Amino acid sequence: MKILKFYSKTCGPCKALERNLKKTSIVYEDIEISSDEGAKLAEEYGIMSIPTLVKIDGDKVDIKHGVLSSEDLEKWAQTSI
């Protein structure tokens, strides 16, 4: 399983999500939407707003938008797709 975090350095909610993620044991990959790779991946996954988390397990995908609490993040990360 892989988790991608789509964000922007200037996004307030993105910073709040980052603080909550740091309280968890979740391993994730940062994807800044202003980068070429980030824009390409955002388009591929249909990302229309940030922050957005994308959980990928094989060919299954689960997407969460907005700021989640650390407890909700842990539950989401541990739930099968």
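Computed from a predicted structure; not experimentally measured.
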**Q** Could you grab the distance from atom CD of Glu71 to atom CG of Leu73, nearest 0.5 Å is fine?
**A** 8.5 Å

**Q** When you group the ILVMFWY residues by side-chain heavy-atom contacts below 4.5 Å and let the links chain together, are Ile31 and Leu53 in the same group?
**A** no

**Q** Report the distance from atom OG of Ser70 to atom NZ of Lys22, rounding to the nearest 0.5 Å.
**A** 14.0 Å

**Q** Check whether any side-chain heavy atom of Cys11 lies under 4.5 Å from a side-chain heavy atom of Pro51, and answer yes or no.
**A** yes

**Q** Decide yes or no for Phe6 and Ile63: does some side-chain heavy atom of the first lie under 4.5 Å from some side-chain heavy atom of the second?
**A** no

**Q** Just verifying a value: how many Å separate Ile26 CD1 and Lys5 NZ, rounded to the nearest 0.5 Å?
**A** 11.5 Å

**Q** Sub-3.5 Å donor-acceptor pair from the side chain of Lys55 to the main-chain atoms of Trp76, do we have one?
**A** yes

**Q** Just by modelled atom types, is the Thr24 backbone N or O under 3.5 Å from a matching donor or acceptor in the Glu74 side chain?
**A** no

**Q** Using side-chain heavy atoms (C-beta onward) and a distance below 4.5 Å, is Glu32 in contact with Tyr7?
**A** yes

**Q** Is the closest side-chain heavy-atom distance between Leu4 and Thr52 below 4.5 Å?
**A** no

**Q** Between Glu29 and Lys2, does any NZ, NE, NH1 or NH2 come within less than 4.0 Å of an OD or OE carboxylate oxygen?
**A** yes

**Q** Apply salt bridge (charged side-chain N to carboxylate O under 4.0 Å, His left out) to Lys64 and list each qualifying residue two or more places apart in sequence or on a separate chain.
**A** none

**Q** Apply side-chain contact (heavy atoms from CB on, under 4.5 Å) to Ala39 and list each qualifying residue two or more places apart in sequence or on a separate chain.
**A** none

**Q** Distance-only, no hydrogens or angles: does the Asp62 side chain make a donor-acceptor pair with backbone N or O of Ile81 under 3.5 Å?
**A** no

**Q** State yes or no: do Leu68 and Leu21 share one hydrophobic cluster built from I, L, V, M, F, W and Y residues joined by side-chain heavy-atom distances below 4.5 Å, directly or via other members?
**A** yes

**Q** Are Leu41 and Ile47 joined in one hydrophobic group, where the rule is that I, L, V, M, F, W and Y side chains link up if heavy atoms are under 4.5 Å apart?
**A** yes

**Q** Show me the pairs that pass side chain to side chain donor-acceptor pair (under 3.5 Å) and involve residues 35-48, at least two apart or across chains.
**A** none

**Q** Shortest non-hydrogen contact from Ser69 to Asn20?
**A** CA-ND2, 3.9 Å

**Q** Report whether Val54 and Met1 are members of the same hydrophobic cluster (ILVMFWY, side-chain heavy atoms less than 4.5 Å apart, transitive linking).
**A** no

**Q** Hydrophobic clustering (ILVMFWY, side-chain heavy atoms < 4.5 Å, transitive) - are Ile56 and Ile50 grouped together?
**A** yes

**Q** Which atoms form the tightest heavy-atom contact between Ser8 and Ile33, and what is the distance?
**A** CB-CG1, 4.4 Å

